[in-house]
Amino acid sequence: MKRLTLLIVLSAIVTATIYVVPISFSWIPYSLMDLNDSGVVSFGEAFLAMDLGVRTGRESGCTEIFSLKDARTIKTICDG
């Protein structure tokens, strides 16, 4: 029983670490990581966020999330 509890606790710690590390090393704020607007940042979005950047259009007032690899726009967020 103690081994099972230890295994569950270690699994939870590893899973949390796998989720938190990409978020910590991302260039974009957590609030913009939810690319599909589901309200939750998934594991895939967390890992993808490590390779994304943010730029704000001064004239348009829109925020672009783009790929650092090729500067391709992934998502555009406009207020209003």
J.: Measure the CD1-CD1 distance between Ile65 and Ile28 for me, rounded to the nearest 0.5 Å.
T.: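 It comes to 5.0 Å.
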J.: Taking Ser26 for the side chain and Pro22 for the main chain, is one N or O donor matched with an acceptor at less than 3.5 Å?
T.: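 Absent.
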J.: Could you work out, with side-chain hydrogen bond (donor to acceptor under 3.5 Å, both in side chains) as the rule, every residue matching Ser38, not counting sequence neighbours?
T.: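 In terms of side-chain hydrogen bond (donor to acceptor under 3.5 Å, both in side chains), with neighbours along the sequence ignored, Ser38 is linked to Asp34, Asn36.
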J.: From the options Thr5, Leu6, Leu4, select the one residue that forms a side-chain contact (heavy atoms from CB on, under 4.5 Å) with Ile8.
T.: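 Only match with Ile8 under side-chain contact (heavy atoms from CB on, under 4.5 Å): Leu4.
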J.: Whether the side chain of Glu45 engages the backbone of Leu35 through a donor-acceptor N/O pair (distance < 3.5 Å, no angle test) should be reported.
T.: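 Present.
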J.: Measure the CG-OG1 distance between Leu10 and Thr15 for me, rounded to the nearest 0.5 Å.
T.: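 One finds 10.5 Å between CG of Leu10 and OG1 of Thr15.
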J.: Quick check for you: to the nearest 0.5 Å, what is the distance between Phe47 atom CZ and Ser42 atom OG?
T.: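 That separation rounds to 10.5 Å.
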J.: How far does CD1 of Ile18 sit from CD1 of Ile23, to the nearest 0.5 angstrom?
T.: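 Ile18 atom CD1 to Ile23 atom CD1 measures 12.5 Å (nearest 0.5 Å).
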J.: Please, which pairs that meet ring pair (Phe, Tyr, Trp, His ring centres under 6.0 Å) have at least one residue in residues 4-24, sequence neighbours excluded?
T.: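 Passing the test, one end in residues 4-24: Tyr19-Phe43.
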J.: If Ile, Leu, Val, Met, Phe, Trp and Tyr residues are connected whenever their side-chain heavy atoms lie under 4.5 Å apart, and connections chain through other members, are Leu52 and Val54 in the same group?
T.: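 Result: yes, single cluster for both.
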J.: To the nearest 0.5 angstrom, please state how far the CE atom of Met50 sits from the CG atom of Leu68.
T.: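 Between Met50 CE and Leu68 CG, I get 11.0 Å after rounding to 0.5 Å.
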J.: To the nearest 0.5 Å, what is the distance between CG (Asp37) and CD1 (Ile77)?
T.: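 CD1 of Ile77 is found 7.0 Å from CG of Asp37.
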